[in-house]
There are 2 protein chains.
Amino acid sequence: MNQQRPTKKTTIYDLAELAGTSASAVSAVLNGNWKKRRISSQLAEKITRIAEEQGYAINMQASLLRRDKSKIIGMIVPKYDNRYFGSIVETFEIMARERGLFPIITCTLRDPELEVEAARTMLSYQVDWLISTGATNPDRITDICVAAGAKSLNLDLPGSRAPSIISDNFGGARELTRRTLLNCGDRFGDLSPLLFIGGRASDHNTSERLRGFKAAHEELGVIVDESHILACGYAPEKAVNALQALADREGALPRGMFVNSTISLEGVMRWIKGSHHFSDDAPVIGCFDWDPFVALLADNIEMVRQDVSGMLQSVFRIIDDGGTALPLIEVPPIFDSHAQ
Amino acid sequence: MNQQRPTKKTTIYDLAELAGTSASAVSAVLNGNWKKRRISSQLAEKITRIAEEQGYAINMQASLLRRDKSKIIGMIVPKYDNRYFGSIVETFEIMARERGLFPIITCTLRDPELEVEAARTMLSYQVDWLISTGATNPDRITDICVAAGAKSLNLDLPGSRAPSIISDNFGGARELTRRTLLNCGDRFGDLSPLLFIGGRASDHNTSERLRGFKAAHEELGVIVDESHILACGYAPEKAVNALQALADREGALPRGMFVNSTISLEGVMRWIKGSHHFSDDAPVIGCFDWDPFVALLADNIEMVRQDVSGMLQSVFRIIDDGGTALPLIEVPPIFDSHAQ
DNA sequence: GTGAAAGCGCTAACAA
DNA sequence: TTGTTAGCGCTTTCAC
């Protein structure tokens, strides 16, 4: 036996009895509203001491049931398997706690059904706010939140019915493409069109990045090859399969690539290593996302880092303000200055 | 204005009124205990339909206040910045949901004070179980849980007062060291002692890995150099500083290294890249942790992958059983078969 | 300065 | 078969 039996938890009534006072006094003291109740500081002190001694912990369920705002803030996130979302979650928790909010986070594995189920569950727990990060259908979630009287907000992937904070995908992709094309030119002596791989053509981010990809080509006078745009999804295997299919079809592959995320990059690198298409000379890659090991190990890969901290500052600015407007905020991603 | 005002949430009383029945009937139906209440299936159906129509969502705060078990399961985790913890969190969520439990997770940034604060907060939310992952002081948390009538359990780093599930650090480190020594021998022609870097000498995992490190050296007849054991902490900068100090002191560095985590590895690789100590020939490294990009990009680095899924299966076996015993379970980590 | 009491939304024992 | 009722622990108004 390692753990005792639930020795009936201490309540404010127990505390009141021990202090020879009432539950309402205890409640007021423990919540710090005893100035306006003008409770004597000795009573306050006594109550505080006894609470301490008894290891009292408030029952949030009871407290929340009575109050109108829960101060619980929920976030749904697709995966924990890359630095981008990891950093979003970590920063989110820190910033929520700074504001006295209780963050709850859940990952939905990019499954649309799980997304709405997770949203409903969080609403059952009375979240005041729900942040949908990278959700496949943010508007659906906003609708569910509105129906439940909660506020919602989109991060990373925008929606039309709640404030949205995303990266400047167009600008970032244009610059990344420009750099990658030029890197390619330096390396191979001529400017040829890049391969685009990863992401879903239907999602806003991918289509914006595609737009930036094309703009950069155009600006440098390079004709995009539409058959080399492979928005095959996010999972690494999808990238592997897409590259294999292209190689089967065309024999050779472009020597420059725009990769839409580190997730896809994992697949791209796996395929490159497994095949022998680039055994003599590694392709030049630009990746719209950042990972420290790639940055350290692969000198043929340039990465853009999304500005997680900047995005979350925007998120909490809206939350702090109560979120009455409906903006689409685009935060520029960060390029290493040394490159280019 | 994007979001309506909190249109007073629907309760079971509203539902009861609409269905022309009582709140308890609604409650029973919505909880699926209407067989034992022998409610007519037509009434059940009607209630279900109305609940659906109204977009009813149960108020968990109220429900939990009344029930004895919350079915909330908490986990604290140090960081989200590596694949190991990311995968723990993701798997934990999946396995918790499979059991109808509601997982809440919070990261504590390796800050002992935050750890206990986070534990207390979770207890306020009435968690039935609290999993401490990589906590600096698991026993302290167990004590707090016991006092609050919750069960606790340690993952990754063991404690003495609750069941603990950890990697087989000794066995894993011994095998990793053996492989790294042999790789080193293959590469450089002779067996010389490795550098050990990363982790805290005071923590159980590091001391066990150190024991395995020494055992493997001994088995191969190599004398460990105690001045080359740098348990400098986990943050990348700490590894950078430790290596720099060693290089300043001794001029040369060992050509083989045992690195205690991917976090430390990040620092090691940063230092290697920045200095010119290995500009001609990369050192041979064994890393007690796994990252896909390192595995793909660095052929001089061998990695062990901790068996996250196996560990969490053990965790939930204990939870499913009610957790009456107090075991220390060591789960063997996974080596790539191709190497060695 | 302080206490009594109502009620947040739900569950479950007890009546009917 | 179904409804009534008594709380779960807390916050807050109101009365003293």
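Remember, predicted model here, so these are calculated numbers, not experimental data. Any value given below was found using the heavy atoms of this structure, including those in side chains, with hydrogens, waters and symmetry copies removed. In the text below, chain A, chain B and the rest are named by the order of the sequence lines, each starting its count at 1.
- Between S132(B) and E115(B), the side chains place no donor N or O within less than 3.5 Å of an acceptor N or O (distance only, hydrogens not considered).
- Between Y56(A) and the phosphate of dC10(D), there is a side-chain N or O to OP1/OP2 separation shorter than 4.0 Å.
- At a threshold of 4.0 angstrom between heavy atoms, the contacts of T11(B) are confined to the sugar-phosphate backbone, with no base atom among them.
- At a threshold of 4.0 angstrom between heavy atoms, the contacts of L64(A) with the nucleic acid are absent.
- Between N31(B) atom CG and dG9(C) atom C1' there is a gap of 12 Å when expressed in whole angstrom units.
- Between the CD1 atom of I39(B) and the C1' atom of dT11(C) there is a distance of 13 Å, rounded to whole Å.
- A close approach under 4.0 Å does occur between a side-chain nitrogen or oxygen of S27(B) and OP1 or OP2 of dT11(C).
- Regarding K9(A), its NZ atom lies at a distance of 14 Å from the C1' atom of dC10(D), rounded to whole Å.
- At a threshold of 4.0 Å, the pair R49(A)-E45(A) does not count as salt-bridged, since none of the basic side-chain nitrogens sits closer than that to a carboxylate oxygen.
- Side-chain atoms of S24(B) come within donor-acceptor range of the base of dT4(D), with a qualifying N/O pair under 3.5 Å.
- Contact check, S63(B) against dT11(C): a side-chain N or O comes under 4.0 Å of OP1 or OP2.
- Between N59(B) atom CG and dC8(D) atom P there is a gap of 18 Å when expressed in whole angstrom units.
- When distances run from any side-chain atom of R67(B) to the nucleotides dT2(D), dT2(C), dT11(C), the shortest one goes to dT11(C).
- For Y13(B) and dT4(D), the OH to C1' distance is 10 Å, given to the nearest whole Å.
- Checked options Q306(B), H204(B), M311(B); the residue passing with I166(B) is H204(B) (criterion: side-chain contact (heavy atoms from CB on, under 4.5 Å)).
- Residue Y125(B) contributes atom OH, which lies 22 Å from atom P of dC8(D) at whole-angstrom precision.
- For R66(B) against dG9(C), no side-chain N or O and base N or O form a donor-acceptor pair under 3.5 Å.
- No hydrogens or angles considered: a donor-acceptor pair under 3.5 Å links the side chains of T106(A) and R97(B).
- Side-chain nitrogen and oxygen atoms of S22(A) include at least one within less than 4.0 Å of the OP1 or OP2 phosphate oxygen of dG3(C).
- A straight line from CD of E17(A) to P of dC10(D) spans 14 Å, rounded to a whole angstrom.
- When ring centroids are compared, F102(B) and Y125(A) come within the 6.0 Å threshold.
- Comparing S40(B) and A62(B), the nucleotide of DNA chain D nearest to each residue sits closer to the 5' end for S40(B).
- Side-chain proximity of I58(A) to the nucleotides dT2(D), dG7(D), dT11(D) is greatest for dT11(D).
- Going from atom CG of L65(A) over to atom P of dT11(C) covers 12 Å, rounded to whole Å.
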